[in-house]
Amino acid sequence: MIITAAEPHDVTKLLAFREEAAAWLRGLGSDQWSRPYPADKLLATIEAGTVFMLRDGHTTAGTITLTPEAEEGLWTKDELTEPSMFVNKLTIAREYAGQDLGGRLLDWAGGRAHRAGAQWLRLDAWTTNEALQRYYLGHGFSHVRTVCEGTAVNGGPRVSGWLAQREARSADHGFTDRAPAPERIRFAA
C-alpha cells in the first residue's frame with residue numbers, strides 16, 4: 001500500500017469515507033461524525049498539504065490528516081510551546097477493517113512528525129467514544145485530559161475533546177511513502 005498526499009479531486013472520496021464511518025458508528029450507538037463536515041474546510045486542508053491517502057492499487061483504503069496546527073481551545077499555552085503535530089480525521093474504509101491499518105497510519109504519522117521536528121504526536125478523540133479512546137491507548141497514546149467547553153470546527157458544541165499524545169518517533173509501518181517530505185515545524189520556544 002502507498003501513502004500519497006491528497007489532491008483536490010479526493011474531496012468526494014473523503015466525504016464519502018466520513019459518511020460511511022458515521023453510518024458504521026451509528027450502528028454501534030455513537031453519534032460521532034453525525035454532523036456533516038464542510039467540503040470547503042476539507043478542501044482547504046487538502047490544499048494546505050495536510051491530508052494523506054492510503055491507496056491499495058486504485059482503491060483508497062484510508063486517510064489521515066496530520067497538521068502542525070492545533071484546534072483552538074484544546075491544548076494549553078504551555079503545551080503549544082512543545083513541538084507537536086496533530087492527527088485528525090483518521091478513517092479506514094470498512095472493507096479494510098480489522099487489519100490495524102489505523103495503527104500503522106498512526107505509526108507513519110509519528111515518523112513523519114518526528115522527521116518534521118515534533119516531540120509529540122497528539123490527537124483529540126470523540127469524548128463519548130470509549131472504544132476509540134481504548135484503541136488509542138492501546139496504540140501507545142496517553143490520555144492528557146478531556147475538554148468539553150467550546151465549539152466544534154463544523155459548528156455546535158465541542159464533542160471531540162478527549163486529548164491524548166505519544167512521543168513522535170519513527171516506526172516500521174510497512175507502507176510505501178510517496179508523500180512529499182515534511183517541512184520542519186515552527187513552534188514557540
Side-chain angles (χ1 to χ4, degrees), residues 1-28 30 32-39 41-69 71 85-116 118 121-126 129 131-141 153-154 160 162 164-166 168-182:
M1 289 189 194
I2 297 169
I3 296 178
T4 63
E7 298 177 14
H9 67 82
D10 289 316
V11 167
T12 303
K13 180 63 175 174
L14 292 167
L15 290 171
F17 261 17
R18 190 173 179 95
E19 289 174 17
E20 178 188 52
W24 174 69
L25 288 162
R26 249 188 325 275
L28 298 175
S30 175
Q32 184 171 338
W33 290 358
S34 57
R35 284 186 247 157
Y37 196 84
K41 287 186 186 276
L42 190 53
L43 181 58
T45 59
I46 290 171
E47 290 173 343
T50 61
V51 182
F52 302 92
M53 308 295 277
L54 178 62
R55 307 205 193 264
D56 183 15
H58 295 291
T59 304
T60 302
T63 183
I64 189 170
T65 299
L66 183 63
T67 177
E69 304 298 323
E71 185 177 324
M85 292 196 75
F86 301 86
V87 171
N88 296 291
K89 299 184 235 16
L90 172 61
T91 312
I92 302 299
R94 296 311 313 145
E95 67 185 281
Y96 287 88
Q99 300 177 42
D100 197 30
L101 294 181
R104 291 170 59 196
L105 277 173
L106 290 169
D107 287 343
W108 172 84
R112 185 173 179 83
H114 178 74
R115 289 191 314 278
L121 182 64
R122 291 178 165 159
L123 56 82
D124 59 280
W126 208 255
N129 190 335
L132 180 60
Q133 296 164 15
R134 284 191 302 274
Y135 176 83
Y136 288 128
L137 292 171
H139 281 84
F141 285 83
V153 172
N154 57 341
S160 187
W162 185 88
Q165 66 185 17
R166 77 178 193 195
R169 63 184 183 278
S170 295
D172 181 20
H173 49 73
F175 301 131
T176 300
D177 188 351
R178 294 217 179 120

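When a residue number appears, it is its place in the shown sequence, counting from 1. All values below were derived from every heavy atom in this structure, side-chain atoms included, with hydrogens, water molecules and symmetry-related copies excluded. Note that this is a predicted model, so its numbers are computed, not measured.
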Would you give the length of the straight line joining atom CH2 of W162 to atom CG of N129, rounded to the nearest 0.5 angstrom?
10.0 Å
Distance from L42 atom CG to T65 atom OG1, nearest 0.5 Å?
7.0 Å
Where V87 and A109 come nearest, the two heavy atoms and their spacing:
CG2-CB, 4.3 Å
Quick check: are there more than 12 heavy atoms from other residues, nucleotides or ligands sitting under 6.0 Å from CZ of R94?
yes
With no hydrogens and no angle check, is any side-chain donor or acceptor of R166 less than 3.5 Å from a backbone partner on H139?
yes
Once you round to the nearest 0.5 Å, how far does CG of L90 lie from CD1 of I64?
5.0 Å
Shortest non-hydrogen contact from I46 to A6?
CG2-O, 3.6 Å
Could you grab the distance from atom CD of E20 to atom NZ of K13, nearest 0.5 Å is fine?
7.0 Å
Roughly how far, to the nearest 0.5 Å, is CG of L101 from CG of D107?
11.5 Å
On the 0 to 90° scale, with breaks at 30° and 60°, tag the F141-Y136 ring pair as parallel, tilted or perpendicular.
perpendicular
Are side-chain heavy atoms of R104 and Q99 found at a separation under 4.5 Å?
no
Search all heavy atoms of L132 against all heavy atoms of W126 and return the closest pair with its distance.
CD2-N, 4.2 Å
Begin with the C-alpha distance, continue with both residues' side-chain angles, and end with the deciding distance and a verdict on side chain to side chain contact (heavy atoms under 4.5 Å, CB included) for L14 and T60.
CA-CA 9 Å; L14 292 167; T60 302; over 6 Å; no
Are any of the side-chain heavy atoms of L54 and W108 separated by less than 4.5 Å?
no
Between A116 and M85 the two heavy atoms that sit nearest each other are CB-SD, 3.8 Å
In terms of heavy-atom contacts, G49 and F52 come closest through O-CZ, 3.4 Å
So, T4 side chain and A179 main chain: donor-acceptor pair closer than 3.5 Å or not?
no
Of all heavy-atom pairs between F86 and P68, which one has the smallest distance, and what is that distance?
CE1-O, 3.7 Å
Distance col, row L105:CG vs T91:OG1, nearest 0.5 angstrom, shows 10.0 Å
Taking side-chain contact (heavy atoms from CB on, under 4.5 Å) as the criterion, tell me which of R55, M53, K89 meets it with T63.
M53
Chi angles and distances behind the side chain to side chain contact (heavy atoms under 4.5 Å, CB included) call for D10, V51:
CA-CA 10 Å; D10 289 316; V51 182; over 6 Å; no
